[in-house]
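Note sheet for the following structure.
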Amino acid sequence: MLELTFLGHSGFLLSDRTQTLAIDPFLTGNPVAKRTADEVECGFLALTHGHEDHMGDAVGIAKANDANVIAAFEICNYFGEQGHENTNPGNPGGKIDTDFGWIAFTQAFHSSSFEGRYMGMPCGLVVHMGGKTVYHMGDTALFSDMALIGEIYQPDVALVPIGDRFTMGPELATRAAELVKPKIAVPIHYDTWPGLSQDAATFAPDGVEVRVMAAEDTLLA
Ligand code: NI
Ligand code: MN
């Protein structure tokens, strides 16, 4: 089994009841978050890219938990400079075997920087844990190779940004989910701030079950 807990915006905790992986934990300054950074317990922490609304509390959480940080090479270097050496660097196209299963880095059309510094390629993350597969798209535009990612990894769950402006909006996100063909799609990266306001009902991919989650909601994959 795999349990997903939404942290708000793009953040999730994934747990197979033995291992816990945090993805993009942004809690401090996140208006929709319902827990604080010191309420996150995880042995692993993965990042899609270096932007503040994803990296957010990652350094503090990684240090507090001595979590293994799985992220782009440049992000891992940054963690090293912050005194956190427990890192597992990758880049798009690569897959890493872990104690919980594996994680693959996919392409995302976006940018990635932190405090003015280049943070490597932005990524999507495909996580296999508890016998289930989750595709966190990260921040991205629509691209036709999403169909190939769906075909190769056959995700049970896709986490799809719909906020528009910095990522796909609902219309393109609907097309994205139809390309990937997960069993369940969860809209993310919207309604965090006024500029990302969307009606989640307009994210309506054919043949895909949509689950709208609020912060701290859980989903059993
Ligand atoms: Ni971003
Ligand atoms: Mn973002």
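Note that the structure is predicted; figures quoted are calculated from it, not measured. Hydrogens, waters and symmetry mates are skipped; everything else that's a heavy atom, side chains included, is used. Numbering of ligands and ligand atoms starts at 1, following listing order.
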Exercise. More than 12 non-hydrogen atoms from neighbouring residues, nucleotides or ligands closer than 6.0 Å to CZ on R165, yes or no?
Worked result: no

For this session: Can you see which heavy atom on F203 is nearest to which on P187, and at what distance?
Result: CD2-CB, 3.9 Å

For this session: Look at atom CZ of R35 and say whether more than 12 heavy atoms of other residues, nucleotides or ligands are closer to it than 6.0 Å.
Result: yes

Seminar exercise, completed: Among N, O or S atoms, D139 approaches the Mn ion (ligand 2) most closely through OD2

Exercise. N/O/S of H110 less than 2.8 Å from the Ni ion (ligand 1)?
Worked result: yes

Exercise. So, is H54 placed with an N/O/S atom under 2.8 Å from the Mn ion (ligand 2), counting both backbone and side chain?
Worked result: yes

Problem set entry | the Mn ion (ligand 2) to nearest N/O/S of H189 less than 2.8 Å | yes

For this session: Specify which N/O/S atom of D53 comes nearest to the Mn ion (ligand 2), by atom name.
Result: OD2

Seminar exercise, completed: The reported gap from NZ in K132 to CG in D156 (rounded to nearest 0.5 angstrom) is 5.0 Å

Exercise. Less than 4.0 Å between a side-chain N and a carboxylate O, is that true for K183 and E209?
Worked result: no

Exercise. Angle at the Ni ion (ligand 1) between NE2 of H49 and ND1 of H51, to 10°?
Worked result: 90°

Exercise. Considering all heavy atoms of both residues, which atom of P155 and which atom of Y135 are nearest to each other, and what is their separation?
Worked result: CB-CB, 4.0 Å

Exercise. Within less than 2.8 Å of the Ni ion (ligand 1), any N, O or S from D53?
Worked result: no

Exercise. What atom name does the N, O or S atom of D139 nearest to the Ni ion (ligand 1) carry?
Worked result: OD2

